[in-house]
Amino acid sequence: MAVFTDISKSYAGHPPTQVLTGFNLTVYPGATVSIVGPSGSGKSTALNIIGLLDRPTSGVASVMGVSTEEASPRTIDRLRADHLGFVFQDSHVLPVRTCSDNVELALWASRTPRHDRLQLVEDAIEKVGLSHRLHQPARVLSGGERQRLAIARAIVRGPDIILADEPTGNLDPDNSQRIIDMLNAERDRGVAVVIITHDHRLAEQCDRSYELRHGSLQQRSTHA
Ligand SMILES: Nc1ncnc2c1ncn2[C@@H]1O[C@H](COP(=O)(O)OP(=O)(O)OP(=O)(O)O)[C@@H](O)[C@H]1O
Ligand SMILES: [Mg+2]
């Protein structure tokens with residue numbers, strides 16, 4: 001669970017850019033949330049704050065019961081590594097490394113013994129239907145397969161919250177649906193999923209759907 005209360009975020013400059021203001025969001029386990037909004041409205045800015053990659057200018061961010069205001073960078077790194085999983089639009093997989101290596105890299109900060117690590121990697125890759133590609137370099141994968149590999153990497157540590165920025169951005173409808181199904185499967189296991197998207201079909205399949213407008217979230221619909 002994560003709670004964001006009265007968050008504001010501005011970027012320094014002349015003049016400064018005020019991106020978020022009065023931004024409130026609660027992320028519940030076992031539920032999907034979508035955030036839509038026009039380009040430049042602050043979706044990635046919000047996701048960076050939710051994902052503890054950036055700090056708000058003001059407001060309170062609390063992730064898994066830890067308020068990040070006074071947390072040390074080390075504590076924040078640990079929170080992120082232990083509880084969060086990320087999926088980005090362009091997958092960010094390393095093309096020359098094998099699929100297995102790409103997923104194992106997500107475990108670098110964990111103290112899991114190597115043998116157990118490989119089992120976790122195989123399980124995650126199996127879940128996304130890429131077992132036959134385990135030892136092949138990621139560059140041979142199609143766009144949809146790369147995105148599935150990115151999901152395997154996000155889920156390999158068993159995160160409590162998955163954050164996805166345009167996870168279906170470059171995919172055709174069939175591949176988009178597969179990604180949605182995989183994120184829903186994680187939701188059904190109790191994971192909280194936050195999805196940023198331009199894809200209204202995807203947004204509408206989420207349990208809660210918000211639009212980011214003038215720096216804060218407006219509710220679009222509720223299915224849960
Ligand atoms: N590091 C930064 N320094 C200064 N301004 C920034 C920085 N990052 C983002 N911005 C500005 O903040 C605003 C919101 O950017 P953000 O990337 O969050 O938008 P977005 O909704 O994700 O857009 P898109 O749909 O195009 O990805 C934009 O005006 C952008 O120029
Ligand atoms: Mg963005």
Side-chain angles (χ1 to χ4, degrees), residues 2-27 32-63 68-69 71 73 76-77 79-80 84-94 106 143-144 146-151 153-154 159 161-173 175-177 179-180 182-183 186 192-221:
V3 184
F4 302 87
T5 311
D6 205 15
I7 299 289
S8 76
K9 177 72 185 178
S10 57
Y11 292 109
H14 301 286
T17 314
Q18 181 78 38
V19 183
L20 302 178
T21 174
F23 178 98
N24 292 291
L25 176 67
T26 302
V27 176
T32 50
V33 180
S34 66
I35 299 176
V36 298
S39 182
S41 59
K43 301 182 298 298
S44 295
T45 298
L47 201 82
N48 287 342
I49 289 172
I50 298 166
L52 308 177
L53 296 165
D54 199 3
R55 289 182 184 255
T57 308
S58 68
V60 179
S62 163
V63 174
T68 60
E69 232 172 342
I76 290 188
D77 286 348
L79 264 180
R80 198 189 311 112
L84 306 182
F86 293 88
V87 182
F88 297 101
Q89 172 171 10
D90 49 3
S91 76
H92 290 198
V93 300
L94 304 174
R146 276 183 206 212
Q147 206 55 344
R148 276 150 56 195
L149 185 62
I151 295 211
R153 193 181 47 196
I161 303 173
I162 293 176
L163 302 169
D165 198 348
E166 294 283 1
T168 63
N170 296 325
L171 303 182
D172 60 64
N175 276 303
S176 296
Q177 191 59 49
I179 297 295
I180 297 168
M182 284 170 191
L183 293 173
E186 292 303 306
V193 182
V194 181
I195 303 171
I196 282 181
T197 183
H198 283 108
D199 179 347
H200 286 258
R201 203 172 59 102
L202 169 50
E204 275 149 27
Q205 289 190 50
C206 291
D207 299 316
R208 281 181 299 148
S209 181
Y210 293 100
E211 182 163 358
L212 184 51
R213 221 186 300 152
H214 309 304
S216 68
L217 293 178
Q218 337 265 328
Q219 188 138 5
R220 299 174 75 228
S221 63

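Every number for a ligand or one of its atoms is a count from 1 in the order of the listing. Residues: numbered from 1 along the sequence shown.
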Worksheet item: Nearest to atom 18 (O) of ligand 1, what protein heavy atom do you find, and at what distance?
Response: T45 OG1, 2.6 Å

Worksheet item: When only distance counts, is G42 in polar contact with ligand 1, meaning an N/O pair under 3.5 Å?
Response: yes

Worksheet entry | Distance from atom 29 (O) of ligand 1 to nearest protein heavy atom, with residue and atom | G40 O, 4.1 Å

Discussion item. Under 4.0 Å from a heavy atom of H198: which atoms of ligand 1 are those, numbered in the order shown and with their elements?
Written reply: 25 (O)

Worksheet item: Counting from 1, what ligand 1 atoms have a heavy atom of P38 closer than 4.0 Å?
Response: 21 (O)

Item to complete: Note the single closest protein heavy atom to atom 2 (C) of ligand 1, along with its residue, its atom name and the distance in Å.
Response: Y11 CD2, 3.5 Å

Worksheet item: Does the protein put a heavy atom less than 4.0 Å from atom 31 (O) of ligand 1?
Response: no

Worksheet item: Please state which protein non-hydrogen atom is closest to atom 24 (P) of ligand 1 and give its distance, to 0.1 Å?
Response: S39 OG, 3.6 Å

Fill in: Sub-4.0 Å protein heavy atom near atom 13 (C) of ligand 1
yes

Worksheet item: Between Y11 and T45, is any side-chain donor less than 3.5 angstrom from a side-chain acceptor?
Response: yes

Fill in: atom 27 (O) of ligand 1: nearest protein contact (heavy atom, Å)
S44 OG, 4.0 Å

Worksheet item: Could a heavy atom of A46 be found less than 4.0 Å from some atom of ligand 1?
Response: no

Worksheet item: Is the distance from the Mg ion (ligand 2) to some N, O or S atom of S44 under 2.8 Å?
Response: yes

